[in-house]
Amino acid sequence: MSKNELPKAYDFKNTEKRLYDWWVERGYFKPSNDPGQPGFDPSIKPFVISIPPANVTGELHLGHAMYVSMEDLMIRYQRMKGVPTLWVPGTDHAGIATQLQVEKDLMRTEEVTREELGREKFVERVWTWKKKYHAIISSQIRRLGASCDWDRERFTLDEGLSVAVREAFVRFYEKGLIYRGPRLINWSPGLKTAVSDLEVEYSEEPGKLYYFKYMLADGSGEFIPVATTRPETILGDTAVAVHPEDTRYLKYVGKQVKVPILGREIPVIADDYVDREFGTGALKITPGHDPNDYQIGQRHKLQVISVLDAIAHITPAGGPYEGMDRFDCRKKIWEDMKKAGLVIKEQAYTLNVPRSQRGGEVIEPMVSTQWFVRMSELAEDALKAVQDGRIRIIPERFTKVYYNWLENIQDWCISRQLWWGHRIPVWYCDDCNEMTVARQDPTACTKCGSRNIHQDPDVLDTWFSSGLWPFSTLGWPDETPDYQYFYPTSVLETGYDILFFWVARMIVDGLELTGKVPFHTVYLHGIIRDEFGDKMSKSKDNVIDPLPLMDELGTDALRFTLLVGSTPGNDINVDVKRVAANRNFANKIWNAGRFVINAINNAPDKPEKAALWSLADSWIWARYKQLLGEVNHLFETWQFGEAGRQIYEFFWSELADWYIEIAKQQLAEGGDRAFYTAQTLSRLLDGCLRLLHPFTPFVTEELWGHLKTAAVAHSDHLTPKGGWPEALIIAPWPEPLPFETWEEGKIAHFTLIMEVVKTIRNLRAEKKVQPGKPITAILVAGLNTSVLLDQAVIIQNLAHLDPKTFQVVEKMTEKPENAVSMVTSGIEIYLPLGDIVDSDSERVRLTRELQTIDSQIKRLETLLGGDFAKKAPPQVVEKERQKLVEYRATSEQLRNQIKS
RNA sequence: GGGCGCGUAGCUCAGCUGGUUAGAGCGCACGGUUCACAUCCGUGAGGUUCGGAGGUUCGAGUCCUCUCGCGCCAGCCA
C-alpha cells in the first residue's frame with residue numbers, strides 16, 4: 001500500500017509538464033474524427049476553435065492566460081462530450097511590433113539601423129528573431145495546459161497562409177474591393193508608415209487655441225479672425241471657410257486672403273460645415289493635414305498642400321520653415337506671426353490628440369498614396385450575418401457595438417511602409433506604368449510585356465492576414481480535407497477589445513472569400529485588470545506576470561481564477577490572493593482524493609448484499625444529481641464561471657465538509673457499509689473530477705489516474721458505467737441524470753441533521769466548551785424522532801457528544817437542569833452544561849431568538865393575509881405557509897424553554 | 001450629443017428566465033496537535049437590503065423611467 005501513498009500536498013511542479021507531454025504523446029489533442037485518418041466519418045459535426053494567434057515576439061501575459069483557459073475549457077468540455085474537437089494553434093507575425101523590436105535590438109547590439117542593413121538582411125534577422133521567440137511563446141501557451149493540435153500549428157507568414165493572403169488580395173482587387181490612391185491617412189512619423197483608423201487613439205490633452213488674422217489680399221487692412229490648434233498647418237492652408245449664412249463674413253466670400261508669413265493668396269469660401277458658434281466662426285482649411293478639411297477641399301476642389309514629410313518635418317512648401325520639426329515650427333511660426341502683428345490671442349483649450357496605439361507618438365493626418373479595402377458592401381454582409389442569427393455574439397450586448405461600427409465603417413488602409421509582413425502582390429511597370437496584380441510573381445508586365453517591373457515595396461497590415469485566420473489555417477484557398485470538414489469553425493473566443501480589429505474582419509473576409517460565416521458563435525471575455533480594477537501597465541508597475549504566478553501557485557490555480565472569477569464580457573480583476581485561494585482548492589481536491597483512495601484500498605472489495613444506503617449516501621448522491629443538472633445547464637448557456645463556482649461549493653462545502661466526515665464513520669463500520677461508502681466516494685470523486693477537468697486539467701487528471709489505479713486494483717465493483725476510460729481528458733462528460741422521487745425527502749432529512757449539528761456546534765462555541773470535549777445533549781425531536789435516532793451516531797460524532805448520555809426523545813415533560821437550549825427546524829436542543837450555565841443570560845439569549853422568530857411570524861402573517869396569497873402561484877404561497885407553520889412551532893418551543 | 005458597462009459585506013467580486021429574512025474568496029474575531037488536507041477544521045461578527053428617486057408587480061438586487069458617481073468604446077468640430 002505504501003507504494004500508493006500520495007504526497008500530502010498536491011505537487012503541481014512534478015505534475016503539469018509530465019501530464020502535458022503524456023497527453024500530447026497519446027494524441028488526445030487531436031480530433032477524434034480526423035479527415036486524415038482511417039475511419040473518418042464526415043457526417044459527425046466537429047467542434048472547432050481557431051486560437052487567437054499570439055504575437056511571435058510577445059511575452060506571455062494574463063490576456064493569453066485568459067483566452068487559453070477559456071478556449072481550453074470549451075475544447076475539453078466538448079471533447080469529453082465525445083465531440084470531435086479541433087483547436088488550431090498559431091502565432092502572428094505582428095508586423096509593426098516585431099519589426100520595432102528587432103530594430104531596437106539591432107541598434108542595441110550592433111548599432112545598425114535596418115536601412116543600413118538592407119531589406120533582405122533585415123528580414124532574415126527578423127526570421128531568426130521570430131524563431132527564437134516563437135519557441136518561447138508557444139511553450140508558454142503549452143504551459144497553460146492548452147489542448148490544441150500542435151501538428152496543425154500555423155504562423156501567419158507560413159507559405160500556406162501567404163498563399164491565402166495573396167489569393168485574398170487578388171480576389172478583392174479583381175472585384176474592385178481593393179484600390180490604390182492618394183487619400184488622407186493616418187501617418188506615424190516615428191514608424192514612418194501609414195496606420196489604420198483603428199490604430200489611432202485619441203487622448204484629451206491640454207493645449208491652446210490660437211487666434212489670428214487672415215488678412216484680405218486686397219490691402220484693405222480688413223481681416224478674418226481664425227482659430228487653430230495647430231499653427232504649423234497654416235503653411236498648408238488653401239482656403240478660409242465661413243458659413244454661407246454668416247452675415248459677419250459673407251461679404252468676404254469669393255475674395256482672396258493672404259496666408260500669414262508665406263503671403264500665398266487663397267480664397268474665402270462658404271461651406272455649411274462651418275459652425276458659426278465655434279471659435280471665430282471662420283475656419284482655415286488645410287486639406288493636406290486635416291480630415292474634415294480634406295473633405296471640404298474635395299467639395300470645393302481646393303489645392304492640397306503637404307507641408308509635412310515622412311518624419312513630420314516641414315517640406316519646401318513651408319517656405320522659410322523647411323526642414324523644421326513640426327512642433328518647433330508651431331512655436332516659431334507663432335512667434336513670427338506675433339511680430340507681424342497677425343496674432344489676436346491664445347486660449348487654453350482641451351485638444352483631442354491623435355496618438356499611435358503603439359508608442360503613443362502624435363499621428364499626423366497626411367495625404368499619401370496607399371492601398372485600401374472598400375468596406376461598405378462588405379460591411380453590409382457582415383452586418384446581416386449577425387442580424388439574421390447566423391452568427392451569435394455573447395454577451396449579446398456586443399452585437400450593438402458591432403452593428404454600430406460596421407454601419408459607420410470607413411475604408412481600411414491596408415498598406416504599411418514596413419519590411420516585415422506580407423509583401424503587397426502588385427508590380428509596377430517602369431515602361432508603361434501599369435500595375436500587375438498577380439497570384440504568382442510575374443516576370444513581365446501583363447500589359448506591355450516589359451521586363452522592367454518592380455514590386456510594391458510595402459507590406460500589408462497584419463490584420464489583413466489575421467482576418468483570414470479561421471480558414472487560412474485550415475488550408476484555404478485549397479479545398480483541403482481539413483477545410484472541408486472543420487470549416488466553418490464553431491466558436492471564436494477573444495477579448496472584446498479586438499472585436500473590430502479582428503472579429504469583424506474575419507466575418508467580412510469569411511463571408512466574401514469562403515461564402516460562409518467563419519464561426520457560429522463569438523464569445524467575448526473581458527479585459528484583465530489588477531486587483532483594484534486598474535488596467536495593467538508597465539508604467540503603473542501593476543502587471544502580474546503569469547509565469548512566476550504559475551511557478552508559485554500552479555497552472556490550475558491561475559486557470560480556475562480566470563475562469564471562475566469572470567462573467568462573460570466583464571472585466572476581471574486579478575488578485576494574487578485569489579489565485580492562492582484557488583491553489584488551496586486544488587490542494588483540497590487532492591486531499592479529498594487521497595482520502596477516497598485510501599478508503600477504497602481499505603474497504604471490502606465487494607458487497608455481501610444489495611445496497612442499503614445511509615441517509616448521507618442518499619443525500620450526497622441526490623445533491624450531486626442536482627449539481628449535474630445545474631452545471632450542464634450553465635455550460636449550455638455559456639455561464640462557465642457560475643458552473644465552476646457551483647462545483648467548487650459542492651466539492652468543498654458538501655462533499656468534503658460533510659460527506660467525507662460521515663464517510664469516516666461509515667468506513668469504520670466495515671462490511672457492506674464500508675464497501676458502499678467507498679463506492680459512493682469513488683463515484684463522486686470520479687464525477688467531480690470530470691466536471692472540474694475543463695477548469696483544472698492537471699490536478700484532476702493526475703488524481704483521477706490514481707483513483708482509477710486504486711479502483712481497478714481493488715475491485716470490479718468500483719468501475720463506472722462504461723468502464724474506466726484510459727484518461728480523464730477523454731472520459732465521458734457527466735450528463736444530467738433523471739430525477740428520482742426519493743431525492744427531496746433525503747435532502748430534507750439530511751438538511752435537518754446538518755441544522756442540528758450546526759446548532760450544537762454553535763452553542764458549544766458560544767459557551768466556550770472545549771472543541772473535543774464530549775458533552776451531553778438531549779434532542780426533543782417530535783415527528784422527526786425516528787430520523788434523528790437513525791442518525792444519532794452521526795450527530796454524536798459531528799457534534800462531539802457523549803454517546804453514553806446523548807439522547808433523542810420524542811417529547812419531554814421536564815426541562816433538564818442547567819441546560820443551554822435552542823430550537824432549530826422544530827427540534828429542541830438541550831445541552832446540560834452544568835454550572836457554567838447562567839439561567840439569566842440564557843433567558844436573554846432565547847428571548848432574543850424568540851424575537852427574531854416572532855418578527856418573522858408577523859412578517860409572514862402579513863404577507864399571507866394580503867394579495868400575495870391570492871395572486872402568487874400556489875407553490876410559492878404554500879412554501880411560505882409552511883415556513884409560517886414552522887416558525888410558529890419554533891416560537892412555541894422557545895417560549896417553553898424560556899418559561900421553565 | 002451617441003453607445004455600453006459598473007456602482008451589492010472592510011477589500012475584490014458572484015447573483016440565470018423577478019419569488020421573498022442577500023452569497024463567495026480574502027480580511028477580521030474567537031477556538032482547534034482527532035489517522036485526506038494548517039494550502040486545514042469549527043464558530044462568529046459584518047450589508048441603513050443591493051448608489052439615489054420614482055414606477056410596474058401580490059412580490060424587484062433582478063424589469064421600466066429619471067438621477068448621481070466611476071469606467072470603457074465609438075466620435076476627424078477648427
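Proteins get letters first, then strands, A, B, ... in listed order; numbering begins at 1 in each.
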Under 4.0 angstrom, heavy atoms only, what part of the nucleic acid is Q639(A) near: base, sugar-phosphate, or nothing? sugar-phosphate

If you measure from the P atom in G51(B) to the same atom in C16(B), how many Å do you get, rounded? 14 Å

Regarding A872(A), tell me which of base, sugar-phosphate or nothing describes its non-hydrogen contacts under 4.0 Å with the strands shown. base

Taking for each residue the nucleotide of RNA chain B with the nearest heavy atom, is it Q770(A) or N570(A) whose nucleotide lies nearer the 5' end? N570(A)

Looking at every strand, decide which applies to E766(A) at a 4.0 Å heavy-atom threshold: base, sugar-phosphate, or nothing. nothing

I'd like a list of close polar pairs between nucleotides 7-10 of chain B and the protein, N/O only, cut-off under 3.5 Å.
none

Phosphate oxygens OP1/OP2 of C40(B): is one of them under 4.0 Å from a side-chain N or O of N587(A)? no

Report the distance from atom CD1 of I660(A) to atom C1' of U34(B), rounded to the nearest whole Å. 16 Å

Separation between the C1' atoms of G69(B) and A38(B), rounded to whole Å: 43 Å

Quick one: is K664(A) getting a side-chain N or O under 4.0 Å of the U34(B) phosphate, OP1 or OP2? no

Taking the side chain of N762(A) as its heavy atoms from C-beta onward, which of U34(B), C37(B), U43(B) lies nearest to it? U43(B)

Checking all strands, does R397(A) fall into the base, sugar-phosphate, or nothing category for heavy-atom contacts under 4.0 angstrom? sugar-phosphate

What nucleic acid atoms does R764(A) come within less than 4.0 Å of, heavy atoms only: base, sugar-phosphate, or nothing? nothing

With rounding to the closest Å, how many angstrom separate the C1' atoms on G25(B) and C40(B)? 16 Å

K767(A) NZ: over 12 foreign heavy atoms closer than 6.0 Å: yes

So what does A580(A) touch, heavy atoms closer than 4.0 Å: a base, only the sugar-phosphate, or nothing? nothing

Take atom CD of E636(A) and atom P of C16(B), then tell me their distance rounded to the nearest Å. 18 Å

Could you tell me whether the phosphate oxygens of C4(B), OP1 or OP2, come under 4.0 Å of any side-chain nitrogen or oxygen in K400(A)? yes

Euclidean distance for C1', G75(B) against G2(B) (whole angstrom): 8 Å

Looking at R397(A) and G569(A), would you say the former's side chain and the latter's main chain have a donor-acceptor pair under 3.5 Å? yes

Do E880(A) and K883(A) sit within salt-bridge range, that is, some charged N less than 4.0 Å from a carboxylate O? yes

Using a cut-off of 4.0 Å between protein heavy atoms and nucleotide atoms, how would you tag nucleotides 70-78 of chain B 5' to 3' with B, S and -? ---SSBBBB

Base, sugar-phosphate or nothing for W638(A)? Non-hydrogen atoms, less than 4.0 Å. nothing

Quick check: are there more than 12 heavy atoms from other residues, nucleotides or ligands sitting under 6.0 Å from CD of Q770(A)? no

Please report the interatomic distance CD1(I344(A)) to OG1(T280(A)), rounded to the nearest 0.5 Å. 7.5 Å

Look at the side chain of Q646(A) and the base of A24(B), then say whether one donor and one acceptor between them are separated by less than 3.5 Å. no

I'd like the P distance from U8(B) over to G32(B), given in whole Å. 37 Å

Pair E205(A) + R355(A): basic N to acidic O under 4.0 Å: yes

Would you indicate what T567(A) reaches in the nucleic acid, counting non-hydrogen atoms under 4.0 angstrom: base, sugar-phosphate, or nothing? sugar-phosphate

At less than 4.0 Å, is any side-chain N or O atom of K588(A) found next to OP1 or OP2 of U39(B)? Yes or no. no

I'd like the P distance from U62(B) over to G5(B), given in whole Å. 15 Å

Rounded distance in Å - CZ (R881(A)) to P (C58(B)): 17 Å

Using a 4.0 Å heavy-atom cut-off, does P354(A) contact any base of the nucleic acid, only the sugar-phosphate backbone, or nothing at all? nothing

Whole-Å distance between C41(B) C1' and W658(A) CH2? 12 Å

Value in whole Å for how far the C1' atom of A36(B) lies from CD of E661(A): 9 Å

Measure from CD on E407(A) to P on G3(B) and round the result to the nearest Å. 13 Å

Report which part of the nucleic acid K858(A) touches: base, sugar-phosphate, or nothing (heavy-atom distance under 4.0 Å, all strands). nothing

Nearest-Å distance, CZ (R761(A)) to C1' (G32(B))? 12 Å

At what distance, to the nearest 0.5 angstrom, does CD of Q856(A) lie from CD of Q851(A)? 13.0 Å

Ignoring the backbone of A656(A), work out which of U21(B), C41(B), A36(B) is nearest its side chain. A36(B)

Any cation-pi pair here, R594(A) with W704(A), using under 6.0 Å and within 45°? no

Can you tell whether the side chains of K208(A) and E346(A) come within less than 4.0 Å, N to carboxylate O? yes

Does K870(A) get its side chain close enough to the base of C58(B), under 3.5 Å, for a donor-acceptor pair? no

From C-beta outward on R578(A), which listed nucleotide comes closest to its side chain: U39(B), G25(B), C58(B)? G25(B)

Answer with yes or no whether K8(A) presents, from its side chain, a donor or acceptor under 3.5 Å of a partner atom in the base of A36(B). no

With under 30° as parallel and over 60° as perpendicular, where do the rings of F560(A) and F585(A) fit, or are they tilted in between? tilted

Please state the C1' separation for the pair G46(B) and A9(B) - nearest whole angstrom. 6 Å

Give the rounded distance in Å between these two atoms: NZ of K577(A) and P of G27(B). 7 Å

